[in-house]
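Everything below concerns the one structure shown next.
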Amino acid sequence: MSNEKLTPRSENYSEWYNQVIQRAEMADYAPVRGCMVVRPYGWALWENIQHALDGMFKETGHVNAAFPLFIPMSFLEKEKEHVEGFSPELAVVTIGGGEKLEEPLVVRPTSETIIGYMYSKWIKSYRDLPLLINQWGNVVRWEMRTRLFLRTLEFYWQEGHTAHVSEQEAIEETLRMLEIYTRFATDYAAVPVIPGRKSSSEKFAGAINSYSIEAMMGDTKALQAGTSHMLGQNFAKAFDIQYLDPNNELQYCWTTSWGVSTRFIGAIIMTHGDDQGLIMPPKLAPIQVVIVPIYKNDEERARVMPVVENIRAELASLRVKVDDRSEVTPGFKFNDWEMRGVPLRLEIGPKDVEKGSVMAARRDIPGREGKSFLPQNDILHAVDELLAQIHDALFERAKTFRDSHIQEVNSYEDLVSAVEKGWAYAWWCGNGECEARVKEDTKATTRCIPMDQPEGSGECVVCGKPAHEKVYFARAY
RNA sequence: CGGGGUGUAGCGCAGUUGGCAGCGCACCGCGUUUGGGACGCGGGGGUCGGCGGUUCAAGUCCGCCCACCCCGACCA
């Protein structure tokens with residue numbers, strides 16, 4: 001519960017972010033540096049995210065399984081880029097049961113290696129392919145600087161790992177999952193994202209190509225909200241994932257991996273939140289509708305509560321909370337649920353009992369403008385309608401904000417100033433040195449080379465050489 | 001690992017020249033309140049980050065250590 005006003009976003013965005021998470025009881029700091037406790041309200045949001053994504057994975061033929069937390073150190077070392085990328089951030093177990101281990105065990109930072117090892121045992125024939133497995137779990141990466149949800153030592157995610165007969169199939173899978181992530185962000189979280197390909201310096205350690213969905217946060221910084229990797233035959237060769245093709249010839253598989261983590265919660269917070277607190281996208285909100293009964297005394301309470309219960313029953317298909325606390329005032333409850341981002345609030349008092357109405361207040365439109373009377377008859381239909389409108393309005397608002405903070409630039413000077421205020425969209429030759437120079441000068445990195453590319457070609461915004469792709473540059477979380 | 005900062009009740013903080021450890025919020029009880037953050041009265045809650053030193057006496061002075069935060073380096 002909270003009693004004071006939040007730090008406004010414009011004053012100190014990081015402070016606002018930390019406060020809103022703690023006051024809305026999404027998460028708390030754990031006793032170990034960089035670790036967090038996901039509190040029930042935060043976990044409820046994660047469960048809704050899981051449910052939505054999991055449904056889409058199942059629809060596309062994926063199944064869930066669980067692989068071990070511990071990975072033999074030697075596994076990581078089998079793929080050169082992979083070990084180079086991850087070794088600085090590994091947590092390693094060297095003692096078990098009081099005895100020094102013969103081989104150190106890595107706490108998984110991601111599971112390509114151990115899953116690759118298992119796949120090599122399971123895959124014998126082209127008839128075993130494609131193999132489409134997902135796992136929901138936690139991973140550990142020993143990060144230097146951490147932030148709740150965005151970067152913690154331990155985080156929760158899903159990681160899909162697939163094996164295919166051909167490069168073409170693997171590419172299709174990689175892009176299919178990128179598309180699913182895009183749809184999830186748009187249709188469920190109301191977070192507009194740009195799907196695209198990562199530059200080679202930004203790609204996953206061990207991948208041929210990485211793709212991501214990139215979202216703009218309320219301070220205009222970019223956040224990678226999901227990734228999908230085409231791993232080529234790198235892991236297949238490192239772990240001998242081979243099959244016999246119809247001609248009885250031994251072939252290496254083509255593999256992919258893709259993931260979305262609890263970081264996405266950070267994306268939701270920073271995309272929709274305002275100075276009053278969180279704003280939950282209706283489809284993922286742990287509580288979609290909060291009902292606040294209004295009464296002055298027992299007599300009024302006796303008249304109001306049956307109507308409240310009736311409305312609750314009508315809305316049984318939704319996630320509804322009745323806030324019947326007697327120790328706090330309605331005004332306090334309004335602020336309290338606004339902090340937690342409940343998309344729709346219904347107030348039901350003596351006047352509503354008489355008139356057969358309820359007062360509805362939209363979280364996305366503060367104050368009187370967001371309030372309207374709904375008839376008690378057919379309340380479910382009216383509430384569904386409002387929730388759908390809130391979803392659309394949140395998406396549109398975020399998209400308008402994002403688009404108004406992206407600047408198309410043709411000169412290096414414009415690029416430098418653009419990334420101070422938002423994102424820059426520019427031609428890039430693809431050379432890592434140009435990328436590095438931008439990072440050196442501005443801290444902005446290439447976020448992605450969007451799938452949607454304009455016609456024609458241009459000159460690299462950094463070096464002026466011919467460029468055939470446009471890229472987003474931005475400062476990122 | 002470098003630079004800076006902070007450690008006193010759950011949270012935010014005050015604590016003078018060394019002299020009984022406090023305030024606000026939160027929490028518990030009772031009563032009055034309740035359509036935009038109510039109020040009164042009464043309560044509970046402390047290894048002052050840790051260890052050592054100086055002193056009749058240390059939250060306060062000295063030394064060492066630890067933790068956390070910010071900036072940097074680093075970063076699927």
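So you know, we letter chains A, B, ... as the sequences are listed, proteins then strands, and number each from 1. For the numbers below, each heavy atom of this structure counts, side chains included, while hydrogens, waters and symmetry mates do not.
Checked by distance alone, A/Arg141 brings no side-chain donor or acceptor within 3.5 Å of a matching partner on the base of B/rC75. For B/rA76, its base never sits under 3.5 Å from the side chain of A/Glu143 at any donor and acceptor pair. The base of B/rG37 does not come close enough to the side chain of A/Asp336 for any donor and acceptor atom to sit less than 3.5 Å apart.
Among the heavy atoms of the strands lying under 4.0 Å from A/Glu347 is at least one base atom, whether or not backbone atoms are also near. A/Glu300 comes within 4.0 angstrom of no nucleic acid atom, judged by non-hydrogen atoms across all strands. Residue A/Phe86 is in sugar-phosphate contact alone, with no base atom involved, counting any heavy-atom pair closer than 4.0 Å across all strands shown. Here A/Lys351 lies in heavy-atom contact (under 4.0 Å) with a base. Within the nucleic acid shown, A/Ser210 has no heavy atom closer than 4.0 Å to any nucleic acid atom. When heavy atoms are screened at a 4.0 angstrom cut-off, A/His82 is found touching no nucleic acid atom at all. Contact annotation for A/Thr110: no contact, since no heavy-atom pair falls under 4.0 Å across all strands. As judged by a 4.0 angstrom heavy-atom cut-off over every strand, A/Asn297 is placed among residues making no nucleic acid contact. Counting non-hydrogen atoms under 4.0 angstrom, A/Gly349 reaches a base of the nucleic acid.
For A/Met144, the side-chain atoms get nearest to B/rA73 when compared with the rest of B/rA73, B/rG37, B/rA76.
Remark: aromatic rings of A/Tyr119 and A/Phe239 are distant, center separation not under 6.0 Å. For an aromatic pair to be called close, the ring centres must be under 6.0 Å apart, and A/Tyr41 with A/Trp46 fails this.
An OP1 or OP2 oxygen of B/rA38 is reached within less than 4.0 angstrom by a side-chain nitrogen or oxygen of A/Thr329.
Spacing between atom CD1 of A/Ile294 and atom P of B/rA38 amounts to 12 Å, rounded to whole angstrom units. The nearest whole Å value for the distance from the NE2 atom in A/His161 to the C1' atom in B/rA76 is 13 Å.
Scanning residues 438-449 of chain A for heavy-atom distances under 4.0 Å to RNA chain B yields A/Lys443. Listed in residue order, the members of residues 359-374 of chain A having a heavy atom less than 4.0 Å from RNA chain B are A/Met359, A/Lys371.
Nearest-nucleotide positions on RNA chain B for A/Pro88 and A/Asn18 put A/Asn18 closer to the 5' end.
By the 4.5 Å heavy-atom criterion applied to side chains, A/Met26 and A/Leu148 are not counted as neighbours.
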